[in-house]
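As the structure lists them, so they are numbered: ligands from 1, and atoms in each ligand from 1. Starting from 1, each residue takes its place in the sequence as its number.
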Amino acid sequence: MKTRRAVLLDRDGTLNEDTGYPSDFRQVHIYPSAFEAVRRLRAAGFATVVVTHQAGLGRGYFDAAELARLHDRFLAEFRRQGAALDGLYACPHAGLGPEPECSCAKPGPDLGRQAARELGLDLSASFMIGDKPVDVRFGLAIGAVPVLVLTGYGRAAATALAAARLRPAFIAAGVLEAANWIIEQGSPAGHGQV
Ligand SMILES: [Mg+2]
Ligand SMILES: [Zn+2]
């Protein structure tokens, strides 16, 4: 079975400003550098897949139809910019309370594994970019290389991760620097090289 290397990307705080719980695409401000990051990752042969927690659905700030419309517009905008994304996977659960109510919220590996099945990804040869400790822990949970960005909640995350002795493989100023670093890494040892 042919598998692709991928870069999984968090949405809010990584590809676009984290503005809380946007219910409409007009409230979503995509970082211009995110388009360039995805273009470069695609050119380097990576599948690019968004894995996001949209707790605003479970919390009643917007409904499933609104979220689907927002994500249709989001994907269309990336396509328009020559930066087509291969997939977008969202956990819609509220995520309130101390116990996880689902297994699809990061850092649970479910959405990563679903993406791998549906898109034919080799997660062990893949990367995860995000701005929160859960993104780094999710990357580790799926066997990918975790990269932290300092946009969004990234600065607080860097402090929290250091306190927990969890190390992202790289800390980037933003998604474009993260993409450049990933491309520079070449193929991880033991994967895909003949
Ligand atoms: Mg985020
Ligand atoms: Zn969930």
Side-chain angles (χ1 to χ4, degrees), residues 6-23 25 27-35 37-38 41 48-64 66-68 70-71 74-75 77-78 85 87-118 126-142 144-161 164 166 168-179 182:
V7 177
L8 308 185
L9 300 129
D10 171 53
R11 197 192 86 180
D12 300 329
T14 301
L15 292 173
N16 54 268
E17 285 175 41
D18 193 331
T19 51
Y21 299 97
S23 57
F25 182 69
Q27 300 163 321
V28 176
H29 305 291
I30 299 171
Y31 298 127
S33 60
F35 300 121
V38 171
L41 290 169
T48 53
V49 181
V50 180
V51 180
T52 179
H53 190 189
Q54 292 303 318
L57 181 53
R59 297 177 192 183
Y61 300 146
F62 45 79
D63 63 27
E66 286 173 306
L67 182 62
L70 186 154
H71 279 154
F74 189 87
L75 294 170
E77 183 60 19
F78 274 84
L85 296 158
L88 188 156
Y89 294 82
C91 160
H93 302 107
L96 299 167
E99 295 301 319
E101 66 184 286
C102 68
S103 57
C104 56
K106 294 176 283 189
D110 282 15
L111 290 183
R113 291 190 181 145
Q114 185 188 347
R117 267 197 317 276
E118 293 180 355
S126 297
F127 295 80
M128 169 68 198
I129 305 175
D131 71 312
K132 286 188 177 175
V134 288
D135 295 309
V136 170
R137 290 167 59 209
F138 170 75
L140 295 169
I142 61 171
V145 175
V147 176
L148 181 73
V149 286
L150 293 177
T151 47
Y153 289 90
R155 293 194 178 275
T159 306
L161 287 165
L166 272 176
F170 184 64
I171 298 178
V175 67
L176 182 54
E177 189 181 312
I182 287 167

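The aromatic rings of F74 and F78 are tilted relative to each other, their planes meeting at an angle between 30° and 60°.
Using a 4.5 Å cut-off on side-chain heavy atoms (C-beta onward), L166 and L140 make contact.
D131 lies close to the Mg ion (ligand 1), since one of its N, O or S atoms is found at a distance under 2.8 Å. Coordination check, D135 versus the Mg ion (ligand 1): failed, since every N/O/S atom of the residue sits at 2.8 Å or beyond. Backbone or side-chain N, O or S atoms of H53 do not reach the Zn ion (ligand 2) at under 2.8 Å.
The distance from the CD1 atom of I30 to the CG atom of L15 is 7.5 Å, given to the nearest 0.5 Å.
When each of Q54, R11, E66 is paired with H71, the side-chain hydrogen bond (donor to acceptor under 3.5 Å, both in side chains) condition holds for R11 and for no other.
Residue-level check: among N/O/S atoms of D12, O sits closest to the Mg ion (ligand 1). Of all N/O/S atoms in D10, OD2 sits nearest the Mg ion (ligand 1). Restricting H93 to its N/O/S atoms, the shortest distance to the Zn ion (ligand 2) is reached by ND1.
Within a 6.0 Å radius of OH in Y153, no more than 12 heavy atoms belonging to other residues, nucleotides or ligands are found.
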